[in-house]
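Values below: all heavy atoms of this structure, side chains included; hydrogens, waters and symmetry mates excluded. Since the model is a prediction, treat every value here as computed from it, not as a measurement.
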Amino acid sequence: MKTPLIILILLLLTTSVFADTTQSNVSGSNTAIEGGYESTTETTYQSGSESTTTTNNTTNSDIKSSPPQAAAPSYNSMTQDVCAVGISAGIQTFGLGLSGGKHVIDKNCERLKLARILNDFGMKVAAVAILCQDERVFESMIQAGTPCPIDGRIGKEALALWQKYDHERPDYKVYVKRMDERKKSDALEQIEITNEFERLEKEKAEEEAKKMKKMEWVDPR
């Protein structure tokens, strides 16, 4: 009789707390999992003594994953004979990504192709004229003594027109800057020449003054 009674008392005094687990998921980047487990057992013996056992278990997990990558679009020219260059870029942050692309025309490539076609047609002056639209070619032609054609003129006649209408030069900004520097250099050179001339005149005057002091005048009487 005592044994069933003791078992009944133990069942009534024993309590269990089940695990309390929560899980949250933040879209795309972070995942946090928190869990806790707690269990308490109390036992009272017939003699009056008491035994208590408590177990705590806590689990925390924080997982960070890399964001998805934003892919920059590619440019396809569909042919090899196109003077175009594709440019694309992309940026990606947590939760937001942007990408874009475009194509730009290579003017120098077009100029070379047009000059080649004109030369094949026998239009050599026209081929040179279109190449002269590049300021580097224009400057090199001037330096070589073969100025670029203008208004149907070549050679010295073309050079005279370029000097008259210098604002039409493709290298106008560089040309103006170079001319200003040359003017400054010429001005400094002129100042040096003037100073040297004045120095020579001063030395000449001093020499003449010394000669006048050494001269003795004789009275004709």
- prompt: Can you find a pair of side-chain heavy atoms, one from Leu131 and one from Leu112, that are under 4.5 Å apart?
  reply: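 Side chain of Leu131 against side chain of Leu112, heavy atoms only: contact under 4.5 Å found.
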
Electrostatic pair [X]:[Y] at N-O distance under 4.0 angstrom:
| X | Y | answer |
| --- | --- | --- |
| Glu198 | Lys202 | no |
| Glu139 | Arg178 | yes |
| Asp151 | Arg153 | no |
| Lys113 | Glu110 | no |

query: For Ile150, which fellow cluster members are found when Ile, Leu, Val, Met, Phe, Trp and Tyr are connected by side-chain heavy-atom distances below 4.5 angstrom, either directly or through intermediates?
result: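 Members besides Ile150, by chain and number: Phe138, Ile142, Leu159, Leu161, Trp162, Tyr165.
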
What distance do [X] atom [atom1] and [Y] atom [atom2] have between them, rounded to the nearest 0.5 Å?
| X | Y | atom1 | atom2 | answer |
| --- | --- | --- | --- | --- |
| Gln143 | Met141 | CD | CE | 12.0 Å |
| Gln190 | Ser185 | CD | OG | 11.5 Å |
| Tyr175 | Arg182 | OH | CZ | 8.5 Å |
| Asn108 | Gln133 | CG | CD | 11.0 Å |
| Arg111 | Arg116 | CZ | CZ | 13.0 Å |

field: Candidate list Thr194, Asn195, Ile193, test side chain to side chain contact (heavy atoms under 4.5 Å, CB included), partner Ile191, passing option
entry: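 Testing each of Thr194, Asn195, Ile193 against Ile191, the sole residue satisfying side chain to side chain contact (heavy atoms under 4.5 Å, CB included) is Asn195.
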
[X] versus [Y], closest heavy-atom pair with distance:
| X | Y | answer |
| --- | --- | --- |
| Pro170 | Cys132 | CG-O, 3.4 Å |
| Pro149 | Ala129 | CG-CB, 3.9 Å |
| Ala127 | Asn119 | CB-N, 4.0 Å |

message: Can you tell me if Glu196 has over 12 outside heavy atoms packed within less than 6.0 Å of its CD?
response: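 Correct, the count exceeds 12.
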
task: Look at the side-chain heavy atoms of Ile, Leu, Val, Met, Phe, Trp and Tyr, link any pair under 4.5 Å apart, and say whether Ile117 and Met123 land in one connected group.
output: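 Shared cluster, yes.
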
